[in-house]
Amino acid sequence: MLLAPVPSAPSSAAQRAPTLPPRMLLAPVNSATPSATRPAPTPPPTVLVAPVLLATAAAAPSTPVAVVVGSDPLHHTTNLTPPTSVPEGSMQTPVAPQIFFHDPYMNPAFVPRVQQQFHSMVDAYEFYKDYAKTAGFSLRTARTSKETAHWVCWRGGHHKSKKVEEDKVTEKGSKRCGCEAYVKVVWFFDHEQLAHNHKLEPSPRMVRYMHAHKYLDDGMCDIFNIMIANGVNHQPALHVMVHLYGDRQKWGFTEKDIENKKSEYARSEKDDDLNKLLQFFRECKKNNDHFYWDVDADPNTGVLKNIFWCHASQRAQYKDFGDAVTFDTTHKTNYKHMPLAMFVGANNLKNVTFGQALIGDESTASFAWLFETFKTCMDGKQPHVILTDEDPAMKIAIGLVFKESIHRNCRWHITRTWEYELDQLYTQHKKKQLKERFESLINYPLGPTQFEVEWHNLIDDCGIADHPAIVALWQKRKSWIPAYFKDIYCGRMTSTQRSESQNRVLKDGYVNGNTSLHMFAKRMLDSLQHADHMDAGETHYAQAVVVRASKAKFDEQFSRVYTRAVYKEYKDQYNKSTAVIIEPNPEVKNGYLVKHETGEGSFCWAQHHFKVVADVAAGEYSCECKQWEHTGLFCMHIIKAFTHLQVRRIPEKYILKRYSRDAVSEVPWDRHDNVRIGQRAGKEQTRLSKLLPKLMKLGRAGSRSDRAYDETCRLVDQITPGIEMFPRERDDESAAGPLSTRVAAEPSASTVVVAAPSSASTELVTSAAENTANVTNSDPPPSSDPTSTLLHEGIVLHEPPLSRTKGRKRATTGQKTKDVAAPQQEGNPCSTYDKENYGNRQCRFCLVRGTHYCTTCPLNPKRSRAAEEREKKKADKTQVGPPTKRARGRPKITRHVHEESAQIVQDEAVGGSQESSVGTRGARGRGRGTGTRNRVVRAPHVGYQD
């Protein structure tokens, strides 16, 4: 290695930047040896000093620079090319004034000329806009009058911000630079200035970002909105748009415009949501008189709390299969966060929904109203058995309304409560196979007496009798263990799994947490029609001959009567029957003992002899496991007896109608739920769906050649003005009324009347005659209350606030908010107070302290855009106490915690003044990771209608 000292940097500017040769000879230097006694240096090799080393030497003069001479000489002799710098003069400040014109090769026919005349002002604007697009700039209207117009460059003038520089939230600046390009038009070009002081961008990829040249066809917007409304993700929807246009470069808009259209469509869907929902209910009622719906609202404020509806097909399904029902609630199905409650059952071993509701909360009052409404809708018929979770509010409401029904709990929800404790027990007693034995005991096929004996044997063997989980499960055994309701028909349901499955189906393909209320009702109808479509397909395919399990006569009878799904379950039991043996039972007449041939297994009933009674002459068959009584299907023990006795005919009483191919009974109403039926459907969406295939066919035919394209455009332009003269029909959804709705009180009225009071626009939803038609052919018990729709006649209905369900996290603060009494707002329908502890929340639009802001205020005509137009708060809350600011979102380190603790102790020792106590509470609130009332924070973004 050759080292050479670098001389110190000289003082003058000329000496600091000397001209160095590309090569330099460096000699080894020994600083410890005096110059007089220093030996003569030997000729060193030639070394190239890199520019990086020279820069380092200039930065640190006293540091020696080392250069390693490698074996590759090209590495040291290659000239490195530095990156290209900006042109000379580009860094001049301020920028020198420049003048830019359009392309000199542009066709003169497209360049504006003074005294150039036009037939109308519109023709002049289109001409100048085409010129601007070709030249590469946008335009805007500066000022207009009845006779003249001034069109200037979009970068003309200077923007004056209304906010102070410190108050700006975003860093977006103005693009105006004082460009003086303009044109003055009367009915000709009077004055013009074609020179610009900025660069022009004639490229199509840049022109699409200019506002005056953007173009998004309404038909394409409708197609995109249809895809978004039906669950198509954003990027696949863009791919469809690319396919329709042929290329992304041919777009006259940007992807940001698509996102804005998407947001605008979402806002329009949520605007006037309640009125759209009731309008949809009226359409369903108009198409089928047996459609039933009901609402529950606060009689004082008119705020909607609960909504229930049931289609005609669901009422017919409940009449056929409503003996066993599961009921459960789920969340994240609508933007109001209202829990979805559904009555679900089984239809030929498939899920079927009997009714649905959106409830404001999961209280006893809400469930009681829902169950009472459901019973009224179903003509007072109560389910034989209903399965729910352990919700105490559900239990109380079921006891009040469904007095004739048997209530059982879901075993999955009960065992889930002790899931962690049970996993620990399974691990501790793994050698004794506690998990396998416990699960087999839950599915014990015998009666309660044998179950209790086996239970005690199991817990005594493992020594877990005093464990809290085992004690709790034992105390609730009669409400969830299948052995205690073997004699009860449950449709083979011991849990709310069917409800959970139906919830998953809805969330996966139909609704999500941002779905509006009226779209949720439509998606629910879509899911019902999908289920009906699949049932129709199953009926069609079931006409084929099924593959039988055997050649026995009773098997032939089952294959002819059962549906394909039920017969498949029977075949499974038939295959299991081949693994058991049967022998006579001498203690019982016509009795037999059936047991597993091998008798292996750790579960308690693996070696049990099941007692079967089979009297062929009397047609009586029963089994000790009681599977037929519980599910309506034969067990493998009875099927083994059929095979052993060669039974030729099964009595009709053992074949449930719900499992047969003729399970659907005749009802005095139409089962179909089609909202838009017939060739003369009156809805705009239906007409559009019928026109689109024809228009696409016309587009494909017109794109085959230039002549076909010109002829298609000529004919379309010829007929379009005449078609646009037809007015829009008033029965479309777009002509729906405003947000607030009113239920009419006149029994003789039969039409919808729109009223416009001075305080808020309201609409008469329906008349009492239409409401009474909901319960036509319904004979509720005398003790049944009338529907809540009749109770709320003549009041204003408002959209419900965001629901605060039991499982949803609430916004917490460092300091507990004191209970605030409800203010007296007499005569104001916008007050949504119904209880205390709502804080000092006040709507700045209607000045009502309630549960809504200006963004959802029913009196705000621009409530959908109120979040964007809202200015900064007038006065920010100042911080009281010690200044302990830190970056938001960053975790606190131990030093910060100790400093705050020391500050708290110091404040308490000073005197306990009010200011210190407030600061202490604020510090403690921040120590818990939550915000405080006195902390200065920026207001978060508020979503529309939230």
Side-chain angles (χ1 to χ4, degrees), residues 90 94-114 116 118 120-163 165 168-218 221 248-261 263-264 865 868-869:
S90 59
V95 181
Q98 302 182 35
I99 299 178
F100 299 90
F101 288 89
H102 57 263
D103 189 359
Y105 296 100
M106 180 185 297
N107 192 341
F110 297 112
V111 179
R113 303 185 308 274
V114 179
Q116 185 176 358
F118 300 93
S120 63
M121 192 74 70
V122 177
D123 296 341
Y125 179 78
E126 293 295 333
F127 177 85
Y128 190 67
K129 188 176 71 171
D130 293 341
Y131 161 74
K133 183 178 180 179
T134 307
F137 69 95
S138 183
L139 70 151
R140 57 184 177 88
T141 302
R143 55 185 180 273
T144 58
S145 63
K146 295 182 179 180
E147 298 179 355
T148 62
H150 288 74
W151 299 322
V152 300
C153 176
W154 69 305
R155 301 190 65 177
H158 296 279
H159 177 71
K160 296 181 180 180
S161 178
K162 298 181 181 179
K163 295 184 179 181
E165 189 69 23
K168 290 185 178 180
V169 180
T170 61
E171 297 181 357
K172 182 179 179 180
S174 175
K175 299 181 181 63
R176 297 189 181 184
C177 59
C179 182
E180 298 181 355
Y182 79 101
V183 63
K184 180 182 177 181
V185 185
V186 183
W187 50 275
F188 56 88
F189 286 155
D190 191 11
H191 299 283
E192 67 176 17
Q193 174 62 265
L194 304 182
H196 299 261
N197 65 348
H198 58 87
K199 290 184 178 180
L200 303 180
E201 301 289 349
S203 174
R205 59 186 296 267
M206 299 298 297
V207 169
R208 73 177 68 177
Y209 283 92
M210 301 178 184
H211 181 74
H213 306 311
K214 288 183 178 180
Y215 176 73
L216 182 58
D217 186 72
D218 294 339
C221 289
R248 193 179 296 261
Q249 298 296 331
K250 297 180 182 178
W251 286 0
F253 50 88
T254 63
E255 293 189 9
K256 185 63 177 179
D257 298 333
I258 291 291
E259 295 178 1
N260 295 338
K261 287 288 184 180
S263 301
E264 181 181 357
R865 296 185 178 273
E868 295 180 356
E869 298 174 357

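Since we're looking at a predicted model, the values are computed, not measured.
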Quick one: pull up OG in S174 and NE2 in H159 and give me the separation to the nearest 0.5 Å.
5.5 Å

Contact check, side chains of W154 and K175, non-hydrogen atoms, under 4.5 Å
yes

Would you kindly say whether N260 and S263 are connected by a side-chain donor-acceptor distance under 3.5 Å?
no

N/O donor-acceptor pair under 3.5 Å between R208 side chain and Q249 backbone:
yes

Which pairs with one or both residues in residues 126-142 pass side-chain hydrogen bond (donor to acceptor under 3.5 Å, both in side chains), sequence neighbours excluded?
H102-Y131

For F188, look at atom CZ and say whether over 12 heavy atoms of other residues, nucleotides or ligands are found less than 6.0 Å away.
yes

For F127 against Q116, the heavy-atom pair lying closest together:
CZ-NE2, 3.5 Å

Could you check whether F118 and F189 have their ring centres less than 6.0 Å apart?
yes

Kindly indicate whether the side chain of W151, heavy atoms from C-beta on, has any atom under 4.5 Å from the side chain of Y125.
yes

Has F110 got more than 12 heavy atoms of other residues, nucleotides or ligands less than 6.0 Å from its CZ?
no

Please enumerate all residues that pass salt bridge (charged side-chain N to carboxylate O under 4.0 Å, His left out) together with E255, with sequence neighbours excluded.
R248

Rounded to the nearest 0.5 Å, what separates atom CG in L216 from atom CH2 in W251?
10.0 Å

If we only count heavy atoms from C-beta on, is the Y215 to H213 side-chain gap below 4.5 Å?
no

Sequence neighbours excluded and cut-off under 3.5 Å, please list the side-chain donor-acceptor pairs for residues 190-205, or say none.
{"residue": "Q193", "atom": "OE1", "partner": "A195", "partner atom": "N", "Å": "3.3"}
{"residue": "N197", "atom": "ND2", "partner": "C177", "partner atom": "O", "Å": "3.1"}

What's the verdict on side chain to side chain contact (heavy atoms under 4.5 Å, CB included) for R143 and H150, showing C-alpha distance, side-chain angles and the deciding distance?
CA-CA 5 Å; R143 55 185 180 273; H150 288 74; 3.5 Å; yes

Interatomic distance, M210 atom CE to T254 atom OG1 [nearest 0.5 angstrom]:
12.5 Å

